[in-house]
Amino acid sequence: MPAYDPIADWYAAQSRTGSLRRFLDNLARRLLCMAGDVSGKRVLDAGSGEGHVARLFARHGAQVVAADISPRLLEHARRLEARDPYGIDFVEADLASGLPSHQGAFDLAAANMVLDDCEDLVGVLGGIAGALKPNGRLLLSLNNPYAIVTRGKVDGYFASGPLTQTFGTDRSEYQVPFYYRTFEEWVAAFRQADFLLRSLVDVPPDPGDPHLPDDPIPKIMLVELLRPAA
Ligand SMILES: C[S@@+](CC[C@H](N)C(=O)[O-])C[C@H]1O[C@@H](n2cnc3c(N)ncnc32)[C@H](O)[C@@H]1O
């Protein structure tokens, strides 16, 4: 069962009105800013969850396909789309298997807080790369590896591997897998999937959002990758 299915109802509610809303809105807006003018562009929201990024990009004129592996999160997304339509096509897919019906289709892809959750990182990157047009871009938000170390989540910088991330409160605690990787491993995976690293932007702390604390190392970074023409 996809990891987010058992927590989908909780995650969708938190994304829409709860504790994750400010965090996800902030990152989605920063990804949009990195994307530039998306009007008329074909955009893939890769690992869309309940469709936060998809709706923001669609509101700015993009034609959006949103893909996720979690059927239950997609139910939430489709229900929202039915109530407040933006013409977003929500597709159930494991990105590691690619999107066969959308090969070379997109100008841009965005994956908001998705790749840290993916065991088969190169597979997922390859699946997204296949869906992009030549010179298409992939925008990511990711946990900064140094922040994972300084926040004591791993035994040391080189201790890469699976971890568990815990959401919620002591009344409702939910766990999903998470994969810690060093900077070197991230960059190697980008290269293996034939992406070029174009820019990296640190996300500053957001006073008032416990998900973006004022720590010595910024918790989240945005990464812009280019799929070069062959
Ligand atoms: C932390 S959530 C982020 C959701 C969304 N991007 C947002 O901003 O709210 C990670 C999402 O990635 C999806 N995901 C993880 N691995 C995936 C895969 N291999 N293919 C498609 N979706 C995947 C999960 O189902 C989940 O919805």
Side-chain angles (χ1 to χ4, degrees), residues 1-32 34-35 43-59 64-78 80-81 88-102 106 108-131 138-143 148 162-168 174-181 189 193 203 209 211-212 219-220 222-223:
M1 180 194 288
Y4 274 77
D5 257 21
I7 72 163
D9 297 350
W10 176 86
Y11 187 83
Q14 292 306 308
S15 308
R16 213 168 307 139
T17 52
S19 68
L20 289 172
R21 173 159 185 175
R22 179 169 173 154
F23 176 68
L24 294 172
D25 273 349
N26 183 348
L27 296 183
R29 279 198 313 274
R30 288 175 187 280
L31 288 170
L32 180 66
M34 187 178 241
V43 173
L44 171 67
D45 181 2
S48 59
E50 58 82 66
H52 224 78
V53 170
R55 282 193 297 280
L56 179 68
F57 277 59
R59 275 205 298 277
V64 183
V65 173
D68 202 281
I69 199 171
S70 161
R72 184 75 186 149
L73 272 176
L74 287 169
E75 271 178 45
H76 284 281
R78 290 184 182 125
L80 265 184
E81 171 68 16
I88 301 166
D89 185 11
F90 285 96
V91 178
E92 185 181 328
D94 178 355
L95 292 163
S97 306
L99 293 170
S101 52
H102 294 87
F106 298 102
L108 185 82
N112 191 29
M113 302 312 294
V114 175
L115 294 195
D116 293 288
D117 294 9
C118 295
E119 183 173 15
D120 183 5
L121 175 60
V122 175
V124 168
L125 283 166
I128 299 171
L138 169 59
L139 313 183
L140 306 171
S141 58
L142 300 172
N143 282 275
I148 294 174
L163 294 175
T164 303
Q165 62 180 317
T166 303
F167 286 118
Y174 305 101
Q175 297 194 324
V176 289
F178 178 93
Y179 297 88
Y180 165 69
R181 298 176 172 97
V203 176
D209 180 4
H211 296 291
L212 275 177
K219 189 178 162 194
I220 305 294
L222 306 186
V223 172

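The first residue in the sequence is number 1, and the count goes up from there. Counting convention: from 1, in listed order, for ligands and their atoms alike.
Under the 4.5 Å side-chain criterion, counting only non-hydrogen atoms from C-beta, Leu24 is not in contact with Gln14. Two residues are said to be in side-chain contact when any heavy atoms from C-beta on lie closer than 4.5 Å; Tyr4 and Asp117 meet this criterion. Two residues are said to be in side-chain contact when any heavy atoms from C-beta on lie closer than 4.5 Å; Ile220 and Leu142 fail this criterion. Proximity of Pro71 to Asp5: side-chain heavy atoms (C-beta onward) are separated by under 4.5 Å at one or more points.
Where the criterion is an N or O separation shorter than 3.5 Å, residue side chain and backbone included, Ser15 fails it with respect to ligand 1. Close N/O approach between Asn112 and ligand 1 is found [any backbone or side-chain N/O within under 3.5 Å]. Looking at ligand 1, you'll find an N or O of Tyr11 within less than 3.5 Å of one of its N or O atoms. An N or O contact shorter than 3.5 Å is missing between Tyr4 and ligand 1 by distance. Residue Gly47 places at least one N or O, backbone or side chain, under 3.5 Å from an N or O of ligand 1. For a threshold of 3.5 Å applied to N or O pairs, the pair formed by Leu24 and ligand 1 contains no separation below that value. Polar contact with ligand 1: absent for Leu73 (N/O pair, distance under 3.5 Å).
Side-chain contact of Asn26 with Arg22: a donor-acceptor pair under 3.5 Å is absent, judged by distance alone.
Near Gly49, meaning under 4.0 Å from one of its heavy atoms, ligand 1 places the atoms 4 (C), 5 (C), 27 (O). For ligand 1, the atoms sitting less than 4.0 Å from at least one non-hydrogen atom of Met113 are 1 (C), 2 (S), 3 (C), 10 (C), numbered in the order shown with element in parentheses. Residue-ligand proximity, Asp94 to ligand 1, at heavy-atom distances under 4.0 Å covers atoms 18 (C), 19 (N), 20 (N). Atom numbering of ligand 1 starts at 1 in the shown order; those under 4.0 Å from a heavy atom of Asp117 are 1 (C), 10 (C). Every atom of ligand 1 is numbered from 1 in the order shown, and the set under 4.0 Å from a heavy atom of Ala93 is 20 (N), 21 (C). Against a heavy-atom cut-off of under 4.0 Å, Cys118 is close to the following atoms of ligand 1: 16 (N).
For Ser48, every heavy-atom contact with ligand 1 shorter than 4.0 Å involves the backbone, none the side chain. At a heavy-atom distance under 4.0 Å, no atom of Ala111 approaches ligand 1. By the criterion of a heavy-atom distance under 4.0 Å, both the backbone and the side chain of Leu95 are placed next to ligand 1.
Put simply, CG on Leu31 and CZ on Phe57 are 5.5 Å apart, with the number rounded to the nearest 0.5 Å.
Across every non-hydrogen atom of Glu92 and Ile69, the tightest pair is CG-O, 4.4 Å. Residue Val122 comes nearest to Ala193 through the heavy atom pair O-CB, 4.4 Å, listed as atom of the first residue, atom of the second, then distance. Minimum heavy-atom separation, Ala77 to Phe90: CB-CE2, 3.5 Å.
For atom 12 (O) of ligand 1, the closest heavy atom belonging to the protein is Val114 CG1, 3.6 Å. In this structure, atom 27 (O) of ligand 1 lies nearest to the protein heavy atom Asp68 OD2, 2.7 Å. Of all protein heavy atoms, the one closest to atom 22 (N) of ligand 1 is Ile69 N, 3.2 Å.
Ion pairing between Arg78 and Glu50 fails under the 4.0 Å rule for side-chain N and carboxylate O.
Counting heavy atoms of neighbouring residues, nucleotides and ligands inside a 6.0 Å radius, atom CD of Glu119 does not exceed 12 of them.
Between Phe23 and His211, the angle of the ring planes lies from 30° to 60°, which puts this pair in the tilted group.
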